[in-house]
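Here is the structure we will look at.
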Amino acid sequence: MDKIRILWIDDEVDLLKPYVLFLETKGYEVLISNNGAEALDIVRSEKLDIVFLDEQMAGLSGLETLAEIKKITPMLPVVMITKSEEEDIMEEAIGSKIADYLIKPVNPNQILLCLKRSLESKRLVSEKATQSYQQEFRQISMNLSAKLPFLEWENLYKKLTHWEVELSKAEDTGIFEILQSQKDEANALFAKYIENNYVDFLKGDVEDGLAMSHTVLKQSFLPLLSEEKPTFLILIDNLRYDHWIALQPMIEEYFRVISDRVYMSILPSVTQFARNSLFAGLLPSEIEKIYPDLWINEDENDHKNQYEADLFDRFIQRHGKKQRFTFNKIFNQSYGKKMVESIPQMMNSKLNVLVYNFVDMLSHASTDVDLVREMAGGESAYRGLILSWFEHSMLFEFIKQLSEKDVNLVITTDHGSIRVKDPIRVKAERDTSLNLRYKTGRKLDYDPNEIFLIKKPEDGYLPKLNVSSSYIFCRNADFFVYPNNFVHYSNYYKNTMQHGGISMEEMLVPFIILQNK
């Protein structure tokens with residue numbers, strides 16, 4: 001491994017000799033310059049890892065030298081060493097993006113700590129995360145060998161998601177592969193848990209702590225409406241729990257998290273079923289029966305979620321909440337800006353609902369658009385795209401401005417998604433649903449060992465399109481492909497984001513309650 005190379009710029013070079021000797025005994029290589037002009041030539045010609053820069057020098061000052069270094073190599077870390085703590089000097093140095101600063105006189109241990117902070121923090125954090133996961137690996141494995149109730153599945157999924165986010169930054173790719181293997185095992189066991197319990201859950205045999213699409217608003221949202229202050233419900237379509245973890249630090253600058261839970265999306269874990277169920281407080285077949293004018297079946301051409309506001313209105317009226325509310329769907333920045341400008345008017349309503357579709361749009365674009373597909377080729381990159389969007393979105397501006405008001409804020413979603421890997425064959429008639437993670441229709445032909453079957457749609461509280469309809473669902477990271485051009489479509493859809501089936505990523509989704517700080 002190459003030595004770390006330090007350039008130390010100070011016009012009193014004789015005073016540097018003890019520091020140079022000390023650093024060389026620690027394995028560092030130190031170059032010295034006694035003026036800014038010479039130092040800039042070294043920066044241009046040498047490979048350097050970090051610069052120590054005296055703030056008070058004859059000729060080019062420390063700040064002037066710093067500005068020139070940043071022009072030559074903006075990412076080179078520079079540590080300012082100064083006798084003065086004058087506020088204007090430090091503000092200018094920090095504004096020029098110094099990595100750190102030290103106050104004279106400095107001692108050797110300060111220098112070592114500074115080097116570790118500036119150069120080795122990423123490695124140290126990576127090593128710590130790897131060690132911590134290794135310690136928890138055995139406990140997670142023991143949990144997977146047990147028969148877990150819902151609250152334990154929630155806890156386990158949160159742990160795995162936490163480590164997925166943390167270890168994605170680690171330099172040890174081997175440990176990340178171990179985690180992925182453990183997560184795959186967890187998903188396989190979660191699929192068995194769903195197959196053994198899902199229909200019973202729908203019939204009312206619900207475990208402690210379990211909320212589902214059709215019950216979560218009644219359980220966790222309606223109680224907030226008894227408070228005097230306005231409540232805002234923001235639904236970000238297709239937001240997974242790991243996406244929430246990525247966004248959380250930014251949001252927590254403005255709001256305090258009161259409750260961080262996940263609820264279970266119904267099957268199919270897609271917008272048409274899960275989001276309509278969420279806003280209606282009913283299961284799909286119940287919506288079709290009670291409000292036939294507000295349900296669009298899969299074989300109809302109309303937009304499947306056009307009646308969400310009407311379903312939500314019926315929901316709150318059924319539960320005795322007859323107050324006025326606003327309901328808006330945001331598809332672009334210009335409409336998002338309009339929502340920011342409308343905050344004063346929304347404060348006159350005790351209840352406001354906003355639906356943001358960006359993440360779901362990104363999910364589809366990562367399949368259909370080559371550039372987006374390349375940019376979102378891994379989970380960390382996919383989270384990065386979502387984080388970048390959010391940071392520059394009108395939604396974040398909306399949340400920031402909302403934090404200045406006295407409100408309750410709920411952030412949730414309707415379902416998640418999973419990166420699919422393994423194609424499985426299915427044969428079906430032409431009128432079968434097109435989704436890659438579930439199919440409904442007549443005369444479905446499949447390997448029963450590879451799918452979860454709801455033979456009678458009424459058992460899953462799902463609409464029946466014809467007398468012989470059934471529903472089949474993919475587990476884990478599988479996806480359906482028809483036999484025609486099987487290899488082509490297998491390769492095309494592999495590693496794309498899909499939803500509709502059974503996985504923790506699709507079905508265990510965030511429901512976050514926040515309040516102003």
Side-chain angles (χ1 to χ4, degrees), residues 1-126 169-171 371 374-375 380-381 384-385 387-388 391-392:
M1 182 177 176
D2 294 338
K3 288 183 177 181
I4 290 175
R5 304 187 84 207
I6 302 166
L7 171 61
W8 199 319
I9 312 167
D10 194 317
D11 55 2
E12 298 179 305
V13 291
D14 290 340
L15 300 179
L16 298 182
K17 289 180 180 178
Y19 298 110
V20 173
L21 289 171
F22 171 76
L23 289 169
E24 286 177 345
T25 62
K26 296 294 183 181
Y28 297 96
E29 182 180 348
V30 185
L31 286 69
I32 296 175
S33 175
N34 65 359
N35 66 83
E38 179 189 65
L40 293 175
D41 289 336
I42 296 173
V43 170
R44 291 187 187 98
S45 61
E46 298 285 344
K47 180 182 179 299
L48 301 169
D49 295 292
I50 193 167
V51 173
F52 286 158
L53 174 61
D54 186 34
E55 183 263 318
Q56 294 180 343
M57 294 192 301
L60 277 179
S61 70
L63 289 174
E64 290 169 334
T65 305
L66 171 63
E68 293 302 314
I69 290 173
K70 288 298 178 181
K71 289 179 184 177
I72 298 167
T73 173
M75 302 307 293
L76 179 63
V78 178
V79 177
M80 185 71 78
I81 300 177
T82 177
K83 292 178 182 177
S84 170
E85 291 186 78
E86 291 181 20
E87 187 175 351
D88 59 335
I89 293 175
M90 296 316 300
E91 283 184 352
E92 188 172 351
I94 293 168
S96 299
K97 297 183 180 178
I98 60 171
D100 206 344
Y101 69 91
L102 298 172
I103 307 298
K104 289 184 176 181
V106 295
N107 65 55
N109 286 332
Q110 283 179 298
I111 295 169
L112 280 181
L113 286 172
C114 178
L115 287 168
K116 288 188 180 294
R117 281 197 303 268
S118 300
L119 296 177
E120 300 188 53
S121 60
K122 183 177 179 181
R123 178 184 62 80
L124 293 171
V125 168
S126 170
K169 309 167 192 171
E171 297 174 355
L371 178 61
E374 185 174 343
M375 292 172 65
S380 182
L385 285 176
L387 185 60
S388 179
E391 185 176 7
H392 301 96

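The first residue of the sequence shown is numbered 1, and numbering continues consecutively from there.
Remark: Asp54 pairs with Lys104 by the side chain to side chain donor-acceptor pair (under 3.5 Å) rule, at least two apart or across chains. For Leu113, the side-chain contact (heavy atoms from CB on, under 4.5 Å) test picks out Arg117, with sequence neighbours left out. Take Lys26 and apply the salt bridge (charged side-chain N to carboxylate O under 4.0 Å, His left out) test, not counting sequence neighbours, and it matches no residue. Partners of Ser380 according to the side-chain contact (heavy atoms from CB on, under 4.5 Å) rule, which considers only residues two or more places apart in sequence or in another chain, are Ser168, Arg383. When the salt bridge (charged side-chain N to carboxylate O under 4.0 Å, His left out) test is applied to Glu68, the partners found at least two apart in sequence or on another chain are Lys71. Under the rule for a side-chain contact (heavy atoms from CB on, under 4.5 Å), the partners of Leu60 that lie at least two apart in sequence or sit in another chain are Leu40, Glu64, Thr65.
In this structure the side chain of Leu48 reaches within 4.5 angstrom of the side chain of Val43, judged on heavy atoms. Looking at Ile42 and Leu31, their side chains come closer than 4.5 Å, going by heavy atoms from C-beta outward. At a threshold of 4.5 Å between non-hydrogen side-chain atoms, the residues Phe52 and Cys114 count as touching. Looking at heavy atoms from C-beta onward, Tyr28 lies in side-chain contact with Leu115 at the 4.5 angstrom threshold. Put simply, the side chain of Val79 reaches to within 4.5 Å of the side chain of Leu102, judged on heavy atoms. Contact check for Trp8 versus Ile111: side-chain heavy atoms found under the 4.5 Å cut-off.
Between atom CD of residue Glu55 and atom OG of residue Ser61 there is a gap of 7.5 Å, rounded to the nearest 0.5 Å. The CG atom of Leu23 lies 11.5 Å from the NZ atom of Lys3; values are rounded to the nearest 0.5 Å.
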Check against side chain to side chain contact (heavy atoms under 4.5 Å, CB included), Val51 and Ile9: CA-CA 8 Å; Val51 173; Ile9 312 167; 3.7 Å; yes
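Here salt bridge (charged side-chain N to carboxylate O under 4.0 Å, His left out) pairs that include residues 11-20, with residues two or more places apart or in two chains, number zero. Every pair passing side chain to side chain donor-acceptor pair (under 3.5 Å) that includes a residue from residues 42-51 is listed here, sequence neighbours excluded: Arg5-Glu46, Asp41-Arg44.
Minimum interatomic distance between Ser33 and Glu38 (heavy atoms only, all atoms of both residues): OG-OE1, 2.8 Å.
At least one donor-acceptor pair under 3.5 Å links the side chain of Gln110 to the backbone N or O of Asn107. Of the possible polar contacts, none joining the Asp10 side chain to the Val13 backbone as a donor-acceptor pair under 3.5 Å is found.
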